[in-house]
Amino acid sequence: MNPTATDQSTAKQTKNFLIAERQDVVKNEFLEGKIVPKPAANRWHNLISTNFAIAIGSRIHRSTCELYANDMQVRIGRNSICFPDVLVVNGEPLFADDNAELLLNPTVVVEIFSSVSKSTDRTQKLEGFLAIPKLKECLLVNENEMRIEHYARQNAKQWIYRIYNEREDVITLESINCKLSMAEVYAQVKLKESELSSKAVN
């Protein structure tokens, strides 16, 4: 059966929409007083974010923690607002607004970056995250290679910095009593032509 003119028109409209969406942004962030577009997340970014949410969520579901993925705004510093990929609050969440849209006290922040992310944006965000008084741990996750940078607060002026870059590495988030493996974080994510399988940590 030959496609009708209507089918062809619909297919063309769909194609044009997808092209436009790839060029558009999902949301904007506010960094140091400037509006900065946050690009739409690709397949690997979404898989990693979902893997984090599933892994952490399965371990804290009976605790005092709340987990937010993708769309919760966070105030970082005095003049910045961003959308981290995954957030965890241990205890009562505090918000800057009555609609509970702008979180003030995340315990753990997970931010996923690509190799093409601007280093200035990355640096600004990291500095903002580490300046949050109640933040205990921050994870900077690379979507293109197996690499996670972990900042764990020791006191008001000191952080411990760790790098995880092996499949067998285990990330320990002490602030929420949670452990997860690099294998499960990068499950189904193709890195350098190899596909990882999930290996959970109990």
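- The backbone N or O of Phe83 sits less than 3.5 Å from a side-chain atom of Lys38, completing a donor-acceptor pair.
- For the residue pair Ser181 and Asp169, no side-chain donor N or O sits within less than 3.5 Å of a side-chain acceptor on the partner.
- Between Glu184 and Arg59 a salt bridge is recorded (basic side-chain N to carboxylate O distance below 4.0 Å).
- Between Ser80 and Glu32 the shortest heavy-atom distance is OG-N, 2.8 Å.
- Not one N or O on the side chain of Asn28 forms a donor-acceptor pair closer than 3.5 Å with the backbone of Ile35.
- With hydrogens and angles disregarded, no donor-acceptor distance shorter than 3.5 Å links the side chain of Ser49 to the backbone of Asn46.
- Qualifying salt bridge (Lys or Arg N to Asp or Glu O under 4.0 Å) partners for Arg147, counting only residues two or more places apart in sequence or in other chains: Glu149.
- Remark: the backbone N or O of Glu143 is not paired with any side-chain donor or acceptor of Tyr186 at under 3.5 angstrom.
- For the atom pair Leu173 CG and Ile56 CD1, the distance stands at 5.5 Å (nearest 0.5 Å).
- A distance of 12.5 Å separates CG in Leu104 from CD1 in Ile76, rounded to the nearest 0.5 Å.
- Residues Glu166 and Tyr164 bring no donor and acceptor atom of their side chains to less than 3.5 Å of each other.
- In terms of modelled atom types and a separation under 3.5 Å, the side chain of Glu111 and the main chain of Leu139 share no donor-acceptor contact.
- Panel note: side chain Arg153, backbone Leu135; a donor-acceptor pair is recorded below 3.5 Å.
- Within a 6.0 Å radius of CD in Glu174, no more than 12 heavy atoms belonging to other residues, nucleotides or ligands are found.
- For the atom pair CG (Asp85) and CG (Asp71), the distance works out to 10.0 Å, reported to the nearest 0.5 Å.
- The aromatic rings of Trp159 and Tyr151 sit perpendicular to each other, their planes meeting at more than 60°, with 30° as the lower class boundary.
- Leu180 and Ala55 get closest at one heavy-atom pair: CD1-CB, 4.3 Å.
- Distance SG/Cys138 to CD1/Ile132: 8.0 Å, rounded to 0.5 Å.
- A 6.0 Å sphere centred on CG of Asp98 holds no more than 12 heavy atoms belonging to other residues, nucleotides or ligands.
- Remark: His45 NE2 to Asn142 CG distance equals 11.5 Å, nearest 0.5 Å.
- Taken to the nearest 0.5 Å, the CG atom of Leu140 stands 5.0 Å off from the CZ atom of Arg122.
- Within 6.0 Å of CG in Asn79 there are more than 12 heavy atoms belonging to other residues, nucleotides or ligands.
- Here the side chain of Asn105 pairs no donor or acceptor atom with the backbone of Lys134 at under 3.5 angstrom.
- No donor-acceptor pair under 3.5 Å is formed between the side chain of Asn99 and the backbone N or O of Glu101.
- Heavy-atom minimum distance, Ala53 versus Leu67: O-CD1, 3.9 Å.
- Ion pairing of Lys125 with Glu29 is present here, as a side-chain N (NZ or NE/NH1/NH2) and a carboxylate O approach within less than 4.0 Å.
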